[in-house]
Amino acid sequence: VSQKDKFIAKQSRFAALGEMISMIAHQWRQPLTGMGMSVNNMLLDIDLEDMDEKRFKENLELINLQIGYLSTTIDDFKNFFKPNAELEEVSVLKLIQSSCMVIDSSLRSNAIEIVISIDENIKVLTRKNDVTQIILNLVKNSMDAYLERSDEKRVINISAVKASERVEITVQDFAGGIPKEIVDKIFDPYFSTKDKKNGTGLGLYMSKMIAEDHLGGYLDVRVEGESTIFKLVLVQKG
């Protein structure tokens, strides 16, 4: 691996960390607001000497529920960053679902619907966290494409098929398609269609590198009219 590739990989990790922290903040904002409202309601009841035991208990249960959600979110992100060099057999459907949950709040707040069409019996022997990182990059890429437009209907379709020794995962959006003049450049390092504060130009480059170097597969893209279709091919190990 060249010094240039090492430098790009290091920069990409910092960029990914920054994006992850931003996602955690987004995921936490809603439950923290809910907890704050519950606490304020309880304090108001105390100040007004209007202590209703049933209402008080409901507020505490709500706070407890939100704390559980915050804890689960931290576990999701911690597991995402944990290096897992070991191959493990995973359900492709569950892997995609858990990947999308990481940015669930961002998707919902931007009215973006994920439609997953994957047979629950499809399994793959792979490195789970590497696949998650690629899927997150692809979904976030589609999300960003929708945010630059005013589409009322924002859908990202994710599907998978299994051939004899490989699994193909497809991520498709309908956010206008990538212009023909730049489609060949999107996997180049530092190439970005976003402004400087929103894109590093490293997400798709690193996704392609991970697919090829870590997973022994590949990542490609094609454009059909208003639709952009990314295909991640995972070659079965073992």
Side-chain angles (χ1 to χ4, degrees), residues 12 14-41 58-59 61-81 93-118 129 131-159 169-178 186 192-204 206-207 226-230 232:
S12 179
F14 280 124
L17 183 60
E19 284 192 359
M20 280 291 149
I21 290 168
S22 171
M23 287 176 195
I24 290 173
H26 195 95
Q27 292 280 88
W28 274 33
R29 197 163 285 125
Q30 200 175 336
L32 285 172
T33 302
M35 287 165 70
M37 286 171 65
S38 296
V39 169
N40 284 333
N41 288 339
E58 282 174 357
N59 276 315
E61 284 172 348
L62 190 60
I63 290 169
N64 216 17
L65 197 69
Q66 304 284 21
I67 289 170
Y69 175 81
L70 297 178
S71 179
T72 302
T73 306
I74 281 294
D75 286 341
D76 286 346
F77 281 96
K78 189 174 72 181
N79 290 336
F80 173 75
F81 274 109
L93 175 60
K94 286 182 180 173
L95 184 53
I96 299 299
Q97 287 171 334
S98 64
S99 300
C100 292
M101 274 307 295
V102 173
I103 54 170
D104 179 60
S105 287
S106 295
L107 292 164
R108 280 190 288 118
S109 66
N110 290 301
I112 293 170
E113 181 188 1
I114 298 274
V115 177
I116 302 174
S117 311
I118 299 173
N129 289 355
V131 178
T132 295
Q133 188 170 345
I134 295 171
I135 296 301
L136 269 176
N137 270 323
L138 297 181
V139 170
K140 194 168 184 306
N141 204 65
S142 292
M143 180 173 77
D144 290 341
Y146 276 122
L147 296 185
E148 291 172 9
R149 293 161 55 91
S150 55
D151 302 85
E152 282 188 22
K153 191 171 175 61
R154 297 172 166 183
V155 177
I156 300 171
N157 288 336
I158 305 179
S159 57
I169 300 170
T170 302
V171 178
Q172 178 179 24
D173 66 56
F174 305 89
I178 300 168
I186 62 165
S192 179
T193 59
K194 305 164 201 169
D195 60 43
K196 287 285 180 257
K197 72 180 193 309
N198 290 326
T200 60
L202 289 169
L204 290 176
M206 286 310 295
S207 295
E226 294 278 291
S227 173
T228 300
I229 303 157
F230 283 96
L232 170 63

Next on the checklist: Pair Thr170, Ile229 - check side-chain contact (heavy atoms from CB on, under 4.5 Å), show working.
Outcome noted: CA-CA 7 Å; Thr170 302; Ile229 303 157; 3.3 Å; yes
Next on the checklist: For a side-chain contact (heavy atoms from CB on, under 4.5 Å) check, start with the C-alpha distance between Arg154 and Leu147, then their side-chain angles and the critical distance, and finish with the verdict.
Outcome noted: CA-CA 9 Å; Arg154 297 172 166 183; Leu147 296 185; 3.6 Å; yes
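Side-chain N or O atoms of Asn110 include none that pairs as donor or acceptor with a backbone N or O of Ile112 at under 3.5 Å. Under the 3.5 Å distance criterion, the side-chain polar atoms of Asn40 are matched with a main-chain donor or acceptor of Gly36.
Within the 4.5 Å cutoff, no side-chain heavy atoms of Phe174 are placed close to those of Thr228. Considering only heavy atoms from C-beta on, Phe230 stays 4.5 Å or farther from Ile169 through its side chain. Looking at Met35 and Ile67, their side chains come closer than 4.5 Å, going by heavy atoms from C-beta outward. With contacts defined as side-chain heavy-atom distances shorter than 4.5 Å, the pair Val139/Leu107 qualifies.
Within the model, atoms CD1 of Ile135 and CD of Gln97 stand 12.5 Å from one another, a figure rounded to the nearest 0.5 Å. Atoms CG and CG, from Asn64 and Asn59 in turn, are 12.0 Å apart once rounded to the nearest 0.5 Å. If you take CG on Leu32 and CE on Met37, they are separated by 13.0 Å, rounding to the nearest 0.5 Å. The distance from atom OG of Ser227 to atom CD1 of Ile178, rounded to the nearest 0.5 Å, is 10.0 Å. To the nearest 0.5 Å, the span separating CD1 on Ile156 from CD1 on Ile114 amounts to 4.0 Å. For the atom pair Ile63 CD1 and Ser38 OG, the distance stands at 5.0 Å (nearest 0.5 Å).
Residues Glu226 and Arg149 come closest through the heavy atom pair OE1-NH2, 3.4 Å. Pairing each heavy atom of Cys100 with each of Ile158, the nearest pair is SG-CD1, 3.9 Å.
Considering only residues two or more places apart in sequence or on other chains, Glu58 meets the salt bridge (charged side-chain N to carboxylate O under 4.0 Å, His left out) condition with Lys54. For Val155, the side-chain contact (heavy atoms from CB on, under 4.5 Å) criterion is met by Glu113, Val115, Lys153, Asn157, not counting sequence neighbours.
Under the side chain to side chain contact (heavy atoms under 4.5 Å, CB included) rule, Ser207 has a single partner from Asn141, Asn137, Leu232, which is Asn137.
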